[in-house]
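What follows is a single structure, written as structure tokens, with notes after it.
Atoms within each ligand, like the ligands themselves, are counted from 1 in listed order.
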Amino acid sequence: MTFGEGNLKTKISAGFPRGKVAYFVTSNNHKFQEARQVLSEYKLATAKLKVEAVEIQDDNLENIAKFSALDAVNNCGLPVFVEDAGLFVDSLKGFPGPYSKYVYNTVGLNGILKLMKNTEKRSAHFKSVVAFATPEEQPICFVGKVKGKISLQEQGNFGFGYDPIFEPEEGDGRTLAEMTTKEKNVLSHRGKALRKFAEWYSGAGKRRF
Ligand code: ITT
């Protein structure tokens, strides 16, 4: 097991709480920053763990997240959480969904915009599943969703992945890539799933972890 960039102490200091720690297994630093901001609101520190966690192919994000959480726990022996997310476009029958990473890395944002050229129905949603597991307990999932639409062109430089082409319904017309991390967390799929997790973990922790 190796810790992510920097050492653990550095990652959980610098203005963030030093209290109870939640270990986040992820390779995605944007996700880590989003999680760190949300969990800090619950006085939780987030530590990024770089541990092998196999991502299976499945139509269901919960299955993917649960499997990854179990695999990560087997590889490091700690209570950890993982997060799996995807973009589901209605006019594409939910594509790319669980295949969002592959599609992003192959055809990219331009590919999605091209597929949707001349398509009036632009509704879509992001779904996030946070799965927490321990060496003793089966994974437990927390789900968050955000509805919105696919913009006509890329807008904004913040965030990652599909953020530049996703305009959340509850927002003010900006894409997620035009928002700060804090603004994105207020309405994003991940922000919602993480708040459910943080609420549970900060309470459950008093009893079990
Ligand atoms: P992990 O190591 O945590 O698995 P990942 O980058 O592999 O990080 P996912 O498999 O959960 O993340 O996400 C699949 C893809 O979906 C990801 O590569 C992005 O292109 C996209 N995605 C996920 N969450 C997103 C978000 O909040 N905004 C924009 N795109 C997102």
Non-hydrogen atom of Asp84 closer than 4.0 Å to ligand 1 | yes

Does at least one non-hydrogen atom of His30 fall below 4.0 angstrom from an atom of ligand 1?
-> no

Compute the shortest N/O to N/O distance between Lys184 and ligand 1 and return yes if it is under 3.5 Å, no if not.
-> yes

Taking only Lys NZ, Arg NE, NH1 and NH2, and the carboxylate oxygens of Asp or Glu, determine whether Arg190 and Glu83 approach each other closer than 4.0 Å.
-> yes

Does any N or O atom in Tyr104 lie less than 3.5 angstrom from one in ligand 1, N or O only?
-> no

Picking from Tyr23, Phe142, Phe132, what satisfies ring pair (Phe, Tyr, Trp, His ring centres under 6.0 Å) with Tyr201?
-> Phe132

Below 3.5 angstrom, do we get any N/O pair linking Gly161 and ligand 1?
-> no

How are the rings of Phe160 and His30 set to each other: parallel, tilted or perpendicular (split at 30° and 60°)?
-> parallel

When you look at NZ of Lys127, are more than 12 heavy atoms from neighbouring residues, nucleotides or ligands closer to it than 6.0 Å?
-> yes

Are any of the N/O atoms in Glu34 less than 3.5 Å from those in ligand 1?
-> no

Does Phe166 have a non-hydrogen atom less than 4.0 Å from ligand 1?
-> no

At a 4.0 Å threshold, what atoms of ligand 1 neighbour a non-hydrogen atom of His189?
-> 24 (N), 25 (C), 26 (C), 27 (O)

